[in-house]
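These notes concern the structure reproduced below.
Counting starts at 1 for both ligands and their atoms, in listed order.
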Amino acid sequence: MKITFYGQNSLAIEVSGTHILVDPFISENPLSKDKVDILKLKADYILLTHAHEDHILDAEAIAKNTGAKIVSNYEIAMYYQAKGINVHPMNHGGNWKFDFGNVKYVNAVHTSSFPDGSYGGQPGGFLIEGEHKNIYIAGDTALTMDMKLIPLQTKLDLAILPIGDNFTMGIDDAILASDFVECEKVLGVHYDTFAFIEIDHDEAKKKFFDAGKDLMLLEIGESIEL
Ligand code: NI
Ligand code: MN
């Protein structure tokens with residue numbers, strides 16, 4: 001499983017020859033807009049955690065360019081189906097076996113409305129189990145006791161957690177989240193894109209290190225292999 005970071009919560013995941021994009025927000029992200037051409041991105045599936053602009057901005061353009069299927073909660077799926085895009089609706093607690101592996105839409109504590117004000121259902125995260133590697137994408141969320149449910153289903157290889165604070169968990173809560181999901185290996189996301197969520201990278205890494213955990217912060221376009 002190969003995971004590439006495109007800023008904010010935008011990720012590309014390659015698993016079993018399938019290309020998955022998560023929360024594409026690139027063309028107006030000040031950190032990534034000059035580095036990544038959304039029309040060159042491959043996608044078989046686009047997973048959307050919730051309807052906020054910093055997660056869905058490029059989903060329509062990429063779906064129309066690639067023919068990718070959008071996977072999200074029911075309300076978000078219907079929003080894109082009405083635009084002629086292929087969708088797979090899910091909702092909280094539900095699993096589906098895709099050709100690349102199992103996906104579960106899990107709880108998140110946040111909000112979810114589209115930039116035009118239409119209803120985006122309730123926000124979520126994704127548990128992806130594929131190619132013998134299991135990852136948890138928390139999406140935008142507060143620290144929540146529901147995270148303790150994740151290890152009851154799966155032994156994680158990586159937890160992808162927001163760390164920017166203000167709109168989501170900050171560093172200290174992300175360290176607790178990594179305890180809750182029982183995964184010491186964390187990829188930090190949702191930081192530095194805007195002034196509200198700027199973080200001190202060295203301090204963040206030191207706090208994780210002191211807690212006996214590993215926080216990875218990737219450059220735009222940088223990948224890790226699980
Ligand atoms: Ni959000
Ligand atoms: Mn966000």
Hey, is [X] close enough to [Y] for a salt bridge, meaning N to O under 4.0 Å?
X    : Y    : result
D210 : K206 : yes
E60  : K83  : yes
D157 : K185 : no

Under 2.8 Å from the Mn ion (ligand 2), which protein N, O or S atoms do you find? Ignore water molecules.
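The answer, once waters are left aside, is D54 OD2, H55 NE2, D140 OD2, H190 NE2.
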
Does any N or O in the side chain of Y105 come within less than 3.5 Å of the main-chain N or O of N95, such that one atom is a donor and the other an acceptor?
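Not at all, since once roles are kept as given, no pair shorter than 3.5 Å links the two residues.
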
N134 versus E129, side-chain donor and acceptor atoms under 3.5 Å
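On atom types as modelled, these side chains do not qualify, holding no pair under 3.5 Å.
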
Donor + acceptor pair across side chains of T49, D23 (<3.5 Å):
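Indeed, the side chains of T49 and D23 share at least one donor-acceptor pair under 3.5 Å.
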
Ring-face cation of K148 near F180 (centre distance under 6.0 Å, axis angle within 45°):
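Yes; both conditions hold, so K148 lies above the ring face of F180.
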
Under 2.8 Å from the Ni ion (ligand 1), how many protein N/O/S atoms can be counted?
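Total protein N/O/S atoms under 2.8 Å from the Ni ion (ligand 1): 4.
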
Do other residues, nucleotides or ligands put more than 12 heavy atoms under 6.0 Å from the CZ atom of F209?
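Result for CZ/F209: open.
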
Working for salt bridge (charged side-chain N to carboxylate O under 4.0 Å, His left out), residues K213 and D179:
CA-CA 9 Å; K213 298 170 189 295; D179 286 337; 2.7 Å; yes

